[in-house]
Amino acid sequence: MKQVTVEAPASSANLGPGFDVFALAFDEPRDMVQIVSRDSDKVGVEIRQMMGQPVPLEPRRNGAGTVSLAIARDLGIKAKITIKLWKRVPIGVGMGSSAASAASTAVAMNELFGLKLKKSELTYYAGKGEEVTSGAAHYDNVAAAILGDFVIVGKGERPEPIRLPAPRSMALCVATPLVKLPSRKTEYARSILPKAVSLSRVVENVSNASTIVSGFAFRDIGLIGKGMNDSIVEGARKRMVPGYELVKERATGAGASGVCISGAGPSMLAIVDGMNRAREVLDSMLAAFSESDVESRGFVTRVGKGARVVEGK
Ligand code: HSE
């Protein structure tokens, strides 16, 4: 018998104009996965949830189960695998919860079976988990959960994520409205997106996305925030976030450099220069939700590192 324990962070995808391409890893919260393997002449996966909101335990309907089965199939692993799952990242609110579990699992399988997979291959396999939980393979959250910091990743068959460190003083405010959401929320949030957009909107988004990347390259929080505007995806999704406009307005007024929907929502993300100011910004976001007759909760965190092995084989 051998076992390994890995944790990987929550993350916020898109940052406005970078739909399916950009994501930012949080310092907290982090999901944890322990994989135990026992010798066997065939593959078997069992999932046990140790804490958190319940997830499907049938391996093919579970992101972590799907990732482990895909890796075992492609790399010829035969073993009886038990996955113990500590879900600490809230599910279905735009914080990359499924990605945190999928990334932890890919990294744990790599470590446990000495596979020497590259970061791009880990991202590819973790993306298999996203396919199951959100209906489409996209690599933004899983790349952030594996690499940490700010990531840029394409949509191709083999993702090649690029990581850029975040400015040290960057703080993140995450505010979540407590609203009733459709089941399979991400799938729904993707189904309402426009199939075609005007060239002028594309130009606007390329400009904003380039501003964000320049901001990370120059470690300039003001520049990053300036680029966090999008009317294509957020234009379609803002009706899922009651109080969207007011939250943006109030957070900016309280000193946020940029505000956007976090991933597929309904959480909102604000980036702020400095932890002290971040608490004021978070309060302004929660007050804006309250003024919009919605209960909400939130927290402040920093940009975090990617998945890490916490207990080795
Ligand atoms: N880029 C994805 C989306 C993130 O916005 O649909 C959610 O998983």
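None of these values were measured; they are calculated from a predicted model. As the structure lists them, so they are numbered: ligands from 1, and atoms in each ligand from 1.
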- Contacts of type side-chain hydrogen bond (donor to acceptor under 3.5 Å, both in side chains), residue Ser12, not counting sequence neighbours: Ser262
- Which one of Lys84, Glu111, Gln34 satisfies the side chain to side chain donor-acceptor pair (under 3.5 Å) criterion with Thr5? Gln34
- Note on the structure: When Met1, Gln3, Arg38 are each screened for side-chain contact (heavy atoms from CB on, under 4.5 Å) with Thr82, the one that passes is Arg38
- residues 47-74 vs salt bridge (charged side-chain N to carboxylate O under 4.0 Å, His left out), sequence neighbours excluded, gives Glu46-Arg48
- Query: Hey, which residues fall under 4.0 Å of ligand 1 on heavy atoms?
  - Reply: Ala13, Asn14, Phe19, Asp20, His138, Asp140, Asn141, Thr186, Arg190, Arg237, Gly263, Ala264
- Task: For the residue pair Glu130 and Ser98, confirm or rule out a side-chain donor-acceptor distance under 3.5 Å.
- Result: yes
- Item | Pairing residues for Val202 by the side chain to side chain contact (heavy atoms under 4.5 Å, CB included) criterion, not counting sequence neighbours | Val197, Val206
